[in-house]
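One structure is given below, encoded as structure tokens.
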Amino acid sequence: VNNKVSGPTGAPPSYRKPYPQPRCAAALRLGPLAAPMTAQLDIEKASVAIQSQGKQATILRVLHDRNVLLINSPHGVSLEEIKAETLPDASLGTTDGVSWLHMKMPGDIDYKGMDYALALASKGDLKAVSLVTSFDIESGDVLEHAVSLAQKTIAEREKTLIGAHELAWQRYWSRSGLQLEDKALQRWWYRMLYFAQTVCKPGAAAVALMPPLATDATPWHADYHVNYNAWQAFWPLPAANQAELADPWISYVHSMIPRLQFLAQETYDCEGMFCTISSFLHEPDPAKCKSKNRRQLSMNPWGLTIGETGMTAQNAWQKHLCAPDPVYLKAKIYPIVRESARFYVSFMEKCKRDDQGKVLLGPSYSPEHGPMGIFNCPFDIAYVHYTFDALVQAATELQADEDLVAQCRTYKDLLGAYPTAVNTEGKPIVVDWQGCAYKEVPVHNITVPASPVFPADQVTWFSPEAEKE
């Protein structure tokens, strides 16, 4: 740790490439429908109704128990390819009356690539559109799986399919019912929970910064922005009594541990795992990579915030606090918390001390603000506290890692106070880093001085009055 950033500031040249990029699987053509048209989303039953000139409605449902879009419509439905300059053309065809689209997305020297297939089966006004990727199946052909899934779905009774779909949503809503005086806030509660259920499913890929757009130029490559955006989609779910929906993010981070360990070693010569600001889905183990920097991106200086590792661990630990499961804790959550704590211990061993013997936590970067090379950022201090507390509790529950528990307790006591500056009224105000002047950061993207309160949960209603003040 030498308080210097090697290499360029900002994104590397490879970031200008059009990939990685999320991909819209295909376009679905419905109609023709005559204007005027109206459409209504029913979030209670998770269905969309489209009406044209007051005639028979088209009803769409993404079935809760499978990757199938069920459509009841008197109008025709067809699959259309979305072309991209960087991808080969898709194959389209028909098998046993089922139309399909098959795309083979190429890999590179590190990444094997992937296939996906959509299949459209029809029975009268009822249509079933399935989607299968090569990451969804352990063996076999994605096209055969997609055709089979569409055929199986269309062979079932529509009433049975809809009944199972609506029952699953009814059970979902019953776990998170809320009544507020503020009806606008109440509506947003249900809207966001609806969105969460549409994009989060145990065992599935975690939703990233933004969903795939019908373009090959999604901003930020729709990556996982670890300093806030990826975190925010999953942090509220355990507290909303939907803890299992946090699994996609937890499983993703768990799968990335070898890469995050590599990053900690390469960036800081530290043990444990370090989370930088930007990461992507389907990244292979760096030990198996042949490309430059083993496919690792460091977005300087934004990717050098020490607290991002603890923020990442928080999502995992939050699930355990709200829905304790010792098996899941040991398998998925504890490895994340342990490796995060090991990084902080290893990092703090290298840090300088102030004249009171406290650790000068850094160098770091205040999330989205200021210069590189700052010390004692409130965001960092709060999340190191959070991580050490989580490790001590988790290790105690699992009766594991006594030496690491002792180290976490020792280094927790060495963390300094949150930095302050005097405001115009002569009162101390928490600021973004040690030595930062009052209002030196005039506008916050992430409210760093308040992060010990939210989201890091270090200063709460139950904290001592002096600390709250």
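- At least one cation-pi condition fails for K290 and Y111: the charged atom is not both under 6.0 angstrom from the six-membered ring centre and inside a 45 degree cone around its axis.
- Classified by interplanar angle (parallel below 30°, tilted 30° to 60°, perpendicular above 60°), the ring pair W302/Y365 is perpendicular.
- Side-chain atoms of S463 come within 3.5 Å of backbone atoms of T460 as a donor-acceptor pair (strictly under, hydrogens ignored).
- Going from atom CD of Q261 over to atom CE of M273 covers 8.5 Å, rounded to the nearest 0.5 Å.
- Other residues, nucleotides and ligands place no more than 12 heavy atoms under 6.0 Å from the CD atom of Q170.
- Few gaps surround NZ on K412; more than 12 heavy atoms of other groups in view lie less than 6.0 Å from it.
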Check the pair D285, R294 against salt bridge (charged side-chain N to carboxylate O under 4.0 Å, His left out), reporting the backbone distance first and the verdict last. CA-CA 9 Å; D285 184 337; R294 301 187 187 182; over 6 Å; no
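- For the residue pair D223 and S278, a side-chain donor N or O sits within less than 3.5 Å of a side-chain acceptor on the partner.
- Atom CG in L131 sits 4.5 Å away from atom CG in L118 (nearest 0.5 Å).
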Check the pair L79, L28 against side-chain contact (heavy atoms from CB on, under 4.5 Å), reporting the backbone distance first and the verdict last. CA-CA 5 Å; L79 299 172; L28 201 62; 3.5 Å; yes
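- Between Y190 and Y194, a ring centre-to-centre spacing not shorter than 6.0 Å is recorded.
- Side chain to side chain, D401 and Y334 meet the donor-acceptor criterion of an N or O pair below 3.5 Å.
- Between the N376 side chain and the L361 main chain, a donor and an acceptor come within less than 3.5 Å of each other.
- D108 and R295 are joined by a salt bridge, as a carboxylate oxygen and a charged side-chain nitrogen come within less than 4.0 angstrom of each other.
- Few gaps surround CH2 on W173; more than 12 heavy atoms of other groups in view lie less than 6.0 Å from it.
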Pair Q296-E266, side chain to side chain donor-acceptor pair (under 3.5 Å): steps then yes or no: CA-CA 10 Å; Q296 184 56 55; E266 290 293 309; over 6 Å; no
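- Other residues, nucleotides and ligands contribute only 12 or fewer heavy atoms inside 6.0 Å of the CG atom of D403.
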Using the ring pair (Phe, Tyr, Trp, His ring centres under 6.0 Å) rule, take Y224 and Y252 through it: C-alpha gap first, then chi angles, then the decisive distance, then the call. CA-CA 10 Å; Y224 295 113; Y252 168 71; 4.4 Å; yes
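- No hydrogens or angles considered: a donor-acceptor pair under 3.5 Å links the side chains of Q197 and H64.
- R259 places a side-chain N or O within 3.5 Å of a backbone atom of P284 that can act as its donor or acceptor partner.
- Between the side chain of E81 and the backbone N or O of A90 there is at least one donor-acceptor pair closer than 3.5 Å.
- Inspection of the Q242 and Y172 side chains reveals no N or O donor paired with an N or O acceptor under 3.5 Å.
- At a cut-off of 3.5 Å, with distance as the only test, no side-chain donor of N241 or S176 sits close to an acceptor on the other residue.
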With side-chain contact (heavy atoms from CB on, under 4.5 Å) as the criterion, how do W100 and V147 come out once you've worked through the C-alpha distance, each side chain's angles and the decisive distance to 0.1 Å? CA-CA 7 Å; W100 49 261; V147 170; 4.2 Å; yes
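- For the residue pair M299 and I277, the shortest heavy atom distance occurs at CB-CG2, 3.7 Å.
- Using a 4.5 Å cut-off on side-chain heavy atoms (C-beta onward), I250 and I336 make contact.
- The distance from atom CD1 of I162 to atom CD of E166, rounded to the nearest 0.5 Å, is 6.5 Å.
- Around CZ of R175, the count of heavy atoms belonging to other residues, nucleotides or ligands within 6.0 Å exceeds 12.
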Please walk me through it: do E339 and L260 pass side-chain contact (heavy atoms from CB on, under 4.5 Å)? CA-CA 9 Å; E339 292 306 300; L260 302 178; over 6 Å; no
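- Annotation for R409: atom CZ does not count as buried by contact number, only 12 or fewer foreign heavy atoms lying within 6.0 Å.
- When atom types are taken as modelled, the side chain of H225 and the backbone of A208 share no donor-acceptor pair closer than 3.5 angstrom.
- For F274 and Y268, the ring centers sit closer than 6.0 Å to each other.
- Side chain of H369 to backbone of P367: a donor-acceptor contact under 3.5 angstrom is found.
- Ring pair W188/F195: centre-to-centre distance not below 6.0 Å.
- Residues P238 and A246 come closest through the heavy atom pair CG-CB, 4.2 Å.
- Remark: the backbone N or O of P455 is paired with a side-chain donor or acceptor of Q314 at under 3.5 angstrom.
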Which is it for D380 and S364 under the side chain to side chain donor-acceptor pair (under 3.5 Å) test, yes or no, and what are the steps along the way? CA-CA 8 Å; D380 296 342; S364 186; 2.7 Å; yes
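- The minimum heavy-atom distance between G272 and A264, with the atom names listed, is O-CB, 3.4 Å.
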Going through the checks in order, is the salt bridge (charged side-chain N to carboxylate O under 4.0 Å, His left out) test met by D89 and K83? CA-CA 7 Å; D89 291 341; K83 292 184 177 292; 3.2 Å; yes
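- A 4.5 Å side-chain heavy-atom check between V77 and R29 finds every atom pair outside the cut-off.
- Considering every non-hydrogen atom in both A240 and L193, the closest pair reads CB-CD2, 4.0 Å.
- A donor and an acceptor atom, one from each side chain of D136 and Y116, are nowhere located under 3.5 Å apart.
- H320 and Q393 share no side-chain donor-acceptor pair at under 3.5 Å.
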Decide side-chain contact (heavy atoms from CB on, under 4.5 Å) for T387 and T309; before the verdict, give the C-alpha distance in whole Å, the side-chain angles of both, and the deciding distance to 0.1 Å. CA-CA 9 Å; T387 303; T309 301; over 6 Å; no
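- Checked for salt-bridge contact, E156 and R66 meet the test: a charged N lies under 4.0 Å from a carboxylate O.
- In this structure, T276 contributes its side chain and G303 its backbone to a donor-acceptor pair below 3.5 Å.
- Using a 3.5 Å distance cut-off with no hydrogens or angles, the side chains of Q265 and D269 do pair a donor with an acceptor.
- At least one side-chain heavy atom of I82 sits less than 4.5 Å from a side-chain heavy atom of R23.
- Heavy atoms only, all atoms of each residue included: S251 and Y328 are closest at OG-OH, 4.2 Å.
- In this structure, CZ on R342 lies 11.0 Å from SG on C408, to the nearest 0.5 angstrom.
- Between F347 and F343, the ring-plane angle classifies as tilted under the 30° and 60° cut-offs.
- With hydrogens and angles disregarded, a donor-acceptor distance shorter than 3.5 Å links the side chain of N315 to the backbone of W235.
- Between S451 and P378 the shortest heavy-atom distance is OG-C, 3.8 Å.
- Between the CE atom in M103 and the CG atom in L87 there is a gap of 5.0 Å [rounded to 0.5 Å].
- Under the 4.5 Å side-chain criterion, counting only non-hydrogen atoms from C-beta, Q458 is not in contact with V453.
- Rounded to the nearest 0.5 Å, atoms NE2 (H165) and CG (L70) are 9.0 Å apart.
- Judged purely by atom type and a 3.5 angstrom limit, H145 uses its side chain to pair as donor or acceptor with the backbone of S139.
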